[in-house]
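Following: one structure in structure tokens, then a few remarks.
What you see below is based on every heavy atom in this structure, not just the backbone, and it leaves out hydrogens, waters and symmetry mates.
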2 protein chains.
Amino acid sequence: MPADVTLRLEAYLPYRLSVASNRTSRWVARSYEARFGLSIWQWRVIAVLGGADRLTAQALTASTAMDKVTVSRAVRALIERGLVERKKHQSDGRSALLALTPAGRSVYDEVAPVALRHEAALLDGFRPDEIRQLTDLLLRLEKRAEELAED
Amino acid sequence: MPADVTLRLEAYLPYRLSVASNRTSRWVARSYEARFGLSIWQWRVIAVLGGADRLTAQALTASTAMDKVTVSRAVRALIERGLVERKKHQSDGRSALLALTPAGRSVYDEVAPVALRHEAALLDGFRPDEIRQLTDLLLRLEKRAEELAED
DNA sequence: GGAATTTAGTTACATTTGCAACTAAATTGT
DNA sequence: ACAATTTAGTTGCAAATGTAACTAAATTCC
């Protein structure tokens with residue numbers, strides 16, 4: 001077997017991705033948990049709701065890449081904490097519109113800058129073009145994995 | 001708040017990483033599970049043992065980036081399936097040396113090419129320099145996250 | 001208009017995970 | 001040499017997760 005087609009875990013892309021993702025999320029997650037008592041999923045919901053007035057859970061699953069059960073649980077917890085409110089959807093009785101409460105909004109206003117500082121800290125030492133490149137490559141990879149999964 | 005320091009989840013790096021990693025591992029994991037009955041962790045252990053004669057569990061945790069509990073469980077399952085064997089370590093009574101059995105070796109010989117084909121399929125459409133760049137950026141990011149986590 | 005199907009969201013259950021506590025052996029320090 | 005600490009690995013238990021089954025509303029299609 002030629003050397004360059006040998007399997008070496010440390011150079012195996014899905015492995016590298018997984019390690020990179022786990023390390024960064026673990027670090028970031030600890031901080032949200034410690035400072036705000038938010039899980040990663042709760043935080044994602046807040047992040048998306050913070051940038052949009054009112055959304056259905058369906059729209060949330062689409063823009064957070066979480067599945068509907070995960071969204072449902074995160075939303076329930078946030079409602080219990082008074083950070084999110086649910087309003088009946090007038091034209092579709094199955095779904096409801098979700099929005100941040102004033103309390104939720106103020107958590108968002110606090111969390112968002114922290115999140116951005118985290119990102120900046122992670123990317124300290126990366127050039128802007130490298131960051132663009134990384135994001136671009138990741139998006140292409142996601143798209144590719146999505147396509148492949150459809151078989 | 002200026003537009004370019006606004007939090008947008010879809011451009012948030014830890015999020016992108018998480019989505020990219022989850023999609024690729026999910027795809028890859030399904031295949032290992034379906035074709036070989038191996039979890040991702042079992043597969044990692046096999047991959048590393050396939051490239052090294054005999055290792056301690058400790059060495060496995062280091063080179064798989066899994067924690068020791070995860071390694072312990074994966075190894076146990078592999079031993080139960082007869083793919084890995086444990087030999088007493090002569091000089092250190094706490095640990096044992098792990099190695100693939102002949103059956104384990106033949107699973108490795110089957111799985112490794114499949115893994116490489118998966119990777120190639122994912123990276124179809126990427127130029128070699130892009131792949132190098134991606135790996136490099138991921139490694140730097142991992143290192144950075146590791147440093148940051150140490151506080 | 002009404003049965004059949006699809007879609008939104010929740011609940012229930014089994015599996016996985018992650019952390020802490022534990023056992024046992026090795027190492028360190030005196 | 002022997003108590004105290006560290007290291008290797010396992011086990012137990014609580015919490016997180018994923019899958020499938022479910023309820024209820026909307027849509028499709030005769």
Worksheet entry | Residue whose nearest DNA chain D nucleotide is more 5′ - B:Ala57 or B:Arg26 |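 The residue mapped nearer the 5' terminus is B:Ala57.
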Starting from [atom2] on [N], measure out to [atom1] on [X] and report it in whole angstrom.
X: A:Leu78; N: C:dT10; atom1: CG; atom2: P; answer: 12 Å
X: B:Ile79; N: D:dT10; atom1: CD1; atom2: P; answer: 8 Å
X: A:Met66; N: D:dT19; atom1: CE; atom2: C1'; answer: 17 Å
X: B:His89; N: D:dA8; atom1: NE2; atom2: P; answer: 11 Å
X: B:Lys68; N: D:dG12; atom1: NZ; atom2: P; answer: 16 Å
X: A:Glu33; N: D:dA15; atom1: CD; atom2: P; answer: 12 Å
X: B:Gln90; N: D:dA8; atom1: CD; atom2: P; answer: 16 Å
X: B:Lys88; N: C:dA24; atom1: NZ; atom2: C1'; answer: 11 Å

Among [options], the one nearest [X] by side-chain distance:
X: A:Trp41; options: D:dT17, C:dG9, D:dT7; answer: D:dT17
X: A:Val69; options: C:dT10, D:dG9, C:dA20; answer: C:dT10
X: A:Asp67; options: C:dT7, D:dT19, C:dG9; answer: D:dT19
X: A:Thr56; options: C:dC19, C:dA26, C:dG9; answer: C:dG9
X: A:Arg73; options: C:dT17, C:dT11, D:dG18; answer: D:dG18
X: A:Arg86; options: C:dA26, C:dG9, C:dG18; answer: C:dG9

Worksheet entry | Straight-line distance of B:Arg54 CZ to B:Lys87 NZ, nearest 0.5 Å |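 The CZ atom of B:Arg54 sits 4.5 Å away from the NZ atom of B:Lys87.
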Worksheet item: Which part of the nucleic acid, if any, lies within contact of A:Thr61, taking any heavy atom under 4.0 Å across all strands shown: a base, the sugar-phosphate backbone alone, or nothing?
Response: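 Here A:Thr61 touches no strand at all.
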Worksheet entry | Hydrophobic cluster membership, B:Leu137 vs A:Leu139, 4.5 Å side-chain cutoff |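 Result: no, two separate clusters.
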Practice prompt. Check A:Ala149 against B:Trp27 and note the closest heavy-atom contact, atom names and distance.
Written response: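 Heavy atoms of A:Ala149 and B:Trp27 come nearest at CA-CD1, 3.8 Å.
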Worksheet item: How far apart are the closest heavy atoms of B:Tyr15 and A:Ala65, and which atoms are they?
Response: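 Closest approach of B:Tyr15 to A:Ala65, heavy atoms only: OH-CB, 3.4 Å.
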Fill in: Pairwise 5' ranking along DNA chain C for A:Arg30 and A:Arg94, keeping only the more 5' one
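Its nearest nucleotide being more 5', the pick is A:Arg94.
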Item to complete: Give the C-alpha distance, both sets of side-chain angles, the deciding distance and a yes or no for side chain to side chain contact (heavy atoms under 4.5 Å, CB included) between A:Glu110 and A:Arg35.
Response: CA-CA 10 Å; A:Glu110 244 191 301; A:Arg35 303 175 61 161; over 6 Å; no
Worksheet item: Can a side chain N or O of B:Ser72 be found less than 4.0 Å away from OP1 or OP2 on D:dT10?
Response: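 Affirmative; the distance criterion is met.
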